[in-house]
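Have a look at the structure below before the remarks.
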Amino acid sequence: MTGLCDSFQRPINYLRISVTDRCNLRCIYCMPAAGVCRMSHQDILTYEEIYTVAQAAAELGINKIRLTGGEPLVRLGLAKLVQMLKRIDTIDDISLTTNGILLSRYVAELKQAGLKRVNISLDTLKPERFRLITRSSYGLNDVLAAIDTARAAGLSPVKINMVVMAGINDDEIIDFANKSLSEEWHVRFIEFMPTAGLSNATLHFVSADDIRKSLEQLGELEPCLPGIGNGPARYFRFPDARGTVGFITPVSEHFCFRCNRLRLTADGKLRPCLLADDEVDLKQPLRSGISRDGLKKLIKTAVTQKPLQHQLADGYRLEGRPMTQVGG
Ligand code: SAM
Ligand code: SF4
């Protein structure tokens, strides 16, 4: 059992670290069409600063770390950070969330540095649609190749995150589920969240219940254990399938009661909840020479501020940062 607990007795053992707000894609559900203001290099925590925060967090009981962004692989030398984090004895799981575009290029060094597993975001199998969703003229083949390369490199499991949007890609739910039958794809269907900066947010929502209903034509889903992971997904398998399907339901059935995570933004704010705008600044204290004990106190303050649950289902809209800055 972790030593870190929030005000609602939830054990907190998982830190998601956003290493950059920059991205090589512009997904319609994540970034406003006009893009977002980019942080300057001085605003972003250095790898050494991230390492210092991770060390303090680990001393408090954090034992799992996920690197995310923006797109984490656009930041140079990510494998070096993985290697540094791997040196922290009590961290037993380092994972990555990526759009996959650059993954094949870096997968060997990441694996060697100590990366255990990877989640790859992919919302369509159709090239034209990939261009529409990501607002990018390239990439689908790179992502598909990355799924195989990651598995071949020994990252396991490789999970595929699909954000389901009505009228945009919901007609591909079956195609993705079929991949879990024929190949070792672990597909997670994610409900679209109306995060900050997106004007047409509610248009796109498809509930996990509706996704499940459309999967019934493929057979009966059997519940199964998550395998490795710390996340909010519930997992199922079709009879004889090689992979699994999972559902992440931030809106229709929130999973806040078992939330075990903290988030560190690229500019050094510790965020107790993805879907609430409160943050505790660590960057300024780090750059003013705060002691390890002082840093731990700030981490505990953020943990104390974790809300019981988010308010998305009640129509609450985030006003603050877009997802690329928070680290989804
Ligand atoms: N660039 C990386 C990627 O795309 O995997 C990591 C950062 S991205 C913000 C992390 C995850 O957040 C992705 O799986 C993405 O699909 C998800 N995401 C972003 N915006 C979302 C939204 N509005 N609703 C649900 N999921 C979202
Ligand atoms: Fe970039 Fe990931 Fe957001 Fe897409 S979901 S714009 S890849 S950060």
Side-chain angles (χ1 to χ4, degrees), residues 1-2 10-14 16 63-66 68 92-98 100 103 111 115-125 143-144 146-165 169-193 206-261 274 309 328:
M1 170 74 79
T2 172
R10 290 173 296 198
I12 308 299
N13 69 337
Y14 181 28
R16 292 177 73 104
N63 64 352
K64 302 188 188 312
I65 287 182
R66 175 170 293 276
T68 179
D92 54 33
D93 184 26
I94 305 175
S95 58
L96 173 73
T97 298
T98 171
L103 184 58
K111 168 72 179 152
L115 187 73
K116 248 193 185 165
R117 55 205 181 86
V118 67
N119 291 359
I120 300 178
S121 301
L122 178 64
D123 310 300
T124 177
L125 300 170
V143 184
L144 292 172
I147 293 171
D148 294 336
T149 323
R151 207 177 295 120
L155 296 179
S156 175
V158 176
K159 296 179 185 168
I160 317 296
N161 287 345
M162 176 197 196
V163 177
V164 181
M165 293 164 284
N169 64 351
D170 54 344
D171 58 343
E172 290 188 72
I173 291 168
I174 294 294
D175 299 341
F176 273 73
N178 264 324
K179 286 284 201 182
S180 83
L181 291 171
S182 57
E183 295 175 51
E184 211 193 317
W185 274 38
H186 299 286
V187 178
R188 286 129 46 99
F189 298 107
I190 304 181
E191 284 178 350
F192 169 75
M193 292 179 282
V206 182
S207 74
D209 261 1
D210 286 341
I211 299 170
R212 254 188 98 153
K213 273 188 204 119
S214 53
L215 292 180
E216 279 168 9
Q217 55 183 287
L218 287 184
E220 198 169 332
L221 281 172
E222 302 159 353
C224 62
L225 292 173
I228 301 175
N230 338 283
R234 283 171 296 126
Y235 289 94
F236 299 83
R237 188 186 284 279
F238 289 106
D240 302 324
R242 296 180 62 195
T244 57
V245 295
F247 300 93
I248 303 186
T249 55
V251 180
S252 70
E253 194 186 322
H254 74 74
F255 30 75
C256 307
F257 61 92
R258 54 191 162 93
C259 182
N260 60 348
R261 55 190 63 186
L274 171 67
Q309 63 183 70

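Just so you know, these numbers use all the heavy atoms, side chains as well, and skip hydrogens, waters and symmetry mates. In this chain, numbering begins with 1 at the start of the sequence shown.
- Here the side chain of Asp210 pairs no donor or acceptor atom with the backbone of Val206 at under 3.5 angstrom.
- For the pair Thr97 and Ser121, the tightest heavy-atom approach, listed with the atom from each and the gap, is CG2-OG, 4.5 Å.
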Checking side-chain hydrogen bond (donor to acceptor under 3.5 Å, both in side chains) for the pair Thr124/Glu172: CA distance, chi angles, key distance, verdict?
CA-CA 7 Å; Thr124 177; Glu172 290 188 72; 2.5 Å; yes

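- Listed here is the closest heavy atom pair of Ile211 and Ile173: CG2-CG2, 3.8 Å.
- Taking the side chain as every heavy atom from C-beta outward, Arg258 and Pro11 never approach each other to under 4.5 Å.
- Scanning all heavy atoms of the two residues, the minimum distance from Lys111 to Gly154 falls at NZ-O, 3.6 Å.
- Atom CD of Glu220 has 12 or fewer heavy atoms from other residues, nucleotides or ligands within 6.0 Å.
- Using modelled atom types, one side-chain atom of Arg66 and one backbone atom of Leu96 make a donor-acceptor pair closer than 3.5 Å.
- Of the possible polar contacts, none joining the Asn260 side chain to the Tyr14 backbone as a donor-acceptor pair under 3.5 Å is found.
- The only member of Val245, Thr244, Asn119 that meets side chain to side chain contact (heavy atoms under 4.5 Å, CB included) when paired with Arg188 is Asn119.
- The CZ atom of Arg151 sits 5.5 Å away from atom CD of Glu184, with the distance rounded to the nearest 0.5 Å.
- We find the CD1-CD1 distance between Ile160 and Ile190 to be 11.0 Å, quoted to the nearest 0.5 Å.
- Arg16 and Thr68 share no donor-acceptor pair across their side chains, judged by distance under 3.5 Å alone.
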ring-ring contact (aromatic ring centres under 6.0 Å, His included) between Phe247 and Phe236, intermediate numbers included
CA-CA 9 Å; Phe247 300 93; Phe236 299 83; 5.7 Å; yes

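- Proximity of a side-chain donor or acceptor of Thr249 to a complementary backbone N or O of Val251 within less than 3.5 Å is not detected.
- Side-chain atoms of Asn13 and Asn63 include a donor-acceptor pair closer than 3.5 Å.
- Here Glu222 contributes atom CD and Arg237 contributes atom CZ; the two are 8.5 Å apart, rounded to the nearest 0.5 Å.
- Atom NZ in Lys64 sits 9.5 Å away from atom OG in Ser95 (nearest 0.5 Å).
- The CG atom of Leu221 lies 8.0 Å from the OG atom of Ser180; values are rounded to the nearest 0.5 Å.
- Nearest heavy-atom pair across Arg117 and Asp93 is NH2-OD2, 2.8 Å.
- Atom CE in Met162 sits 4.5 Å away from atom CZ in Phe176 (nearest 0.5 Å).
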Verdict with supporting geometry, Val163 and Met193, side chain to side chain contact (heavy atoms under 4.5 Å, CB included):
CA-CA 9 Å; Val163 177; Met193 292 179 282; over 6 Å; no

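- Between Ile147 and Trp185, the shortest heavy-atom distance links the atoms CD1-CZ2, 3.7 Å.
- Side-chain contact, Glu191 with Ser252: a donor N or O sits under 3.5 Å from an acceptor N or O.
- In terms of heavy-atom proximity, Ala150 sits nearest to Leu103 at CB-CD2, 4.0 Å.
- The backbone N or O of Pro157 lies less than 3.5 Å from no partner atom in the side chain of Lys116, so there is not a single donor-acceptor pair.
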Quick one: do Leu144 and Leu122 satisfy side chain to side chain contact (heavy atoms under 4.5 Å, CB included)? Show the steps, please.
CA-CA 9 Å; Leu144 292 172; Leu122 178 64; 3.9 Å; yes

